[in-house]
Amino acid sequence: MSGQYQQSEACCTIPPVITEGYKEKGEYKEYAGMRTYFTGPTDTNRTILVFFDIFSFFPQTIQGADIIASSTNSLVIMPDFFRGKTLDPSVYPPRNDEDKEKLGTFFSTVANPKDRLLDVDTIIDALKKEGKTNLGTMGYCWGGKMATLSGATGSFKAVASIHPGLLTEDDAKDLKAPIALFISKDEDAQEAERFNAALLSKDFAAKNKYKLYGTMVHGWAASRANFKDAENLKEYEDVYSRLAEFFNATL
């Protein structure tokens, strides 16, 4: 049976979060050589590219894409950058040397940022051929890093990075678009502060958004979201409200 959580009036920018038995609103298509989740209107120029986390198409992540699509009137696309080679959830967090080796191999091959950025180029080319030029991007964990790196290409007008992995101050220096950075207690808050400081001289600095979700674990807005936990549910709602507001202001 489906469960529905009705948000407060203060957070009315997104639809109610479905806590059980979520039914995706979009569909999967082959796009730029990858199985891709499409959600939202197809007749809009406003398009948001989503990078999922290392566990791929989880219901919580798909619901997030649907929320952003409906709340911003955007076409949201989420490609399978791993081409079906998703990391086994039992490997993370790594418990032993074998798990660490599997994780390292995954990030150096299937999830290698340099290789996956080539896929981003292909996607951007495909979107532009369709006349879609008002582009944003967002990502979680590994995808948060990828969205940030993609923000240095000059092709995106807005970037969102949610509980990102391996974010560095240097990533900020290369950014060419406003960013919404939302981190959990598990990310390095000091590195995030250095990241934000590096953005202060950018001409888009006033459009940037930042929040530390100090009670949330890494992954709370994507595959590790636990809707049975009231605090997680509240913060999931909060971060998607903020994301919708950010993209509506920048795209």
Side-chain angles (χ1 to χ4, degrees), residues 24-54 56-58 61-86 109-162 164 171-172 174-180 202-204 207-208 222 240 243-251:
E24 59 199 32
K25 302 293 192 298
E27 61 180 337
Y28 291 91
K29 304 176 185 178
E30 192 73 14
Y31 193 74
M34 289 169 281
R35 181 173 181 254
T36 301
Y37 182 69
F38 280 74
T39 182
T42 58
D43 59 351
T44 178
N45 188 31
R46 181 187 273 186
T47 304
I48 299 173
L49 171 65
V50 177
F51 295 87
F52 50 38
D53 61 26
I54 57 176
S56 185
F57 296 112
F58 259 61
T61 312
I62 292 172
Q63 182 167 186
D66 288 341
I67 287 172
I68 293 301
S70 64
S71 301
T72 64
N73 195 36
S74 300
L75 173 64
V76 174
I77 66 171
M78 183 162 51
D80 180 6
F81 287 98
F82 304 152
R83 293 167 170 80
K85 298 177 182 178
T86 305
T109 55
V110 176
N112 183 287
K114 290 183 179 180
D115 292 341
R116 301 292 70 81
L117 283 173
L118 296 177
D119 291 333
V120 175
D121 291 339
T122 302
I123 292 168
I124 291 171
D125 288 344
L127 289 171
K128 288 183 176 179
K129 285 180 181 178
E130 297 174 4
K132 298 187 184 302
T133 55
N134 190 19
L135 308 180
T137 184
M138 60 181 279
Y140 315 89
C141 311
W142 169 86
K145 174 77 169 184
M146 290 299 303
T148 306
L149 293 175
S150 298
T153 64
S155 295
F156 296 97
K157 296 181 179 179
V159 178
S161 184
I162 306 98
D171 295 335
D174 294 331
L175 267 175
K176 293 181 174 63
I179 185 168
K202 301 283 188 178
D203 58 5
F204 53 77
K207 298 180 181 180
N208 295 335
Y240 280 101
L243 286 166
E245 181 180 14
F246 171 72
F247 282 120
N248 280 325
T250 53
L251 291 181

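Any value given below was found using the heavy atoms of this structure, including those in side chains, with hydrogens, waters and symmetry copies removed. All of these numbers come straight from a predicted model, not from anything done at the bench.
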Under 3.5 Å: donor-acceptor pair, side chain of Thr61, backbone of Phe57: no
Nearest atoms (heavy-atom pairs only) where Thr137 meets Phe247: O-CZ, 3.7 Å
Side chain to side chain contact (heavy atoms under 4.5 Å, CB included), paired with Phe156, selected from Ile179, Val120, Leu251, Leu175: Val120
Close side-chain approach of Ser74 and Ile68, heavy atoms under 4.5 Å: no
Non-hydrogen side-chain atoms of Tyr140 and Phe51 separated by less than 4.5 Å: no
Side chains of Pro164 and Met146 in contact at under 4.5 Å (non-hydrogen atoms): no
Side chain proximity check, Cys141 to Ile54, heavy atoms < 4.5 angstrom: no
Nearest atoms (heavy-atom pairs only) where Ala69 meets Gly40: CB-CA, 3.8 Å
Lys176, NZ: over 12 other non-hydrogen atoms inside 6.0 angstrom: yes
Side-chain H-bond candidate by donor/acceptor type, Asp171 with Thr148, under 3.5 Å: no
Euclidean distance, Asp53 CG relative to Trp142 CH2, rounded to 0.5 Å: 9.5 Å
Lys/Arg N to Asp/Glu carboxylate O, Lys29 vs Glu27, below 4.0 Å: yes
Distance-minimising heavy-atom pair for Ala147 and Val159: O-CG1, 3.5 Å
Gln63 CD to Glu24 CD distance, which is reported to the nearest 0.5 Å: 11.5 Å
Rounded distance (nearest 0.5 Å) linking atom NZ of Lys132 with atom OG1 of Thr47: 4.5 Å
From Leu149 atom CG to Lys145 atom NZ, the distance as rounded to the nearest 0.5 Å: 5.0 Å
Donor-acceptor under 3.5 Å (Arg46 side chain, Leu75 main chain): no
Side-chain donor or acceptor of Asn248 paired with backbone N/O of Asn73 under 3.5 Å: no
Shortest non-hydrogen contact between Phe246 and Ala158, atoms and distance: CE2-CB, 3.8 Å
Any donor-acceptor pair under 3.5 Å from Arg116 side chain to Phe82 backbone: no
Sub-4.5 Å side-chain heavy-atom contact between Leu243 and Ile162: yes
Any Thr39 side-chain heavy atom under 4.5 Å of Ser70 side chain: no
Trace of the side chain to side chain contact (heavy atoms under 4.5 Å, CB included) decision for Lys128 with Ser155: CA-CA 10 Å; Lys128 288 183 176 179; Ser155 295; 3.9 Å; yes
Side chain to side chain, Leu127 and Leu135, heavy atoms closer than 4.5 Å: yes
Check: Thr44 side chain, Thr42 main-chain N or O, donor-acceptor pair, under 3.5 Å: no
Heavy-atom pair of closest approach, residues Gly144 and Ser161: O-OG, 3.1 Å
Exam field: side chain Lys157 to backbone Gly136, donor-acceptor pair closer than 3.5 Å: no
Close side-chain approach of Met78 and Ile62, heavy atoms under 4.5 Å: yes
Pair Asp80 + Arg83, salt bridge at N-O below 4.0 Å: no
Selection residues 30-44 - residue pairs positive for salt bridge (Lys or Arg N to Asp or Glu O under 4.0 Å), sequence neighbours left out: none
Lys202 NZ: over 12 foreign heavy atoms closer than 6.0 Å: yes
Parallel, tilted or perpendicular: ring planes of Phe81 versus Phe52, cut at 30 and 60 degrees: perpendicular
Stepwise side chain to side chain contact (heavy atoms under 4.5 Å, CB included) check, Thr133 with Asn45: CA-CA 6 Å; Thr133 55; Asn45 188 31; 3.4 Å; yes
Euclidean distance, Ile67 CD1 relative to Thr72 OG1, rounded to 0.5 Å: 11.5 Å
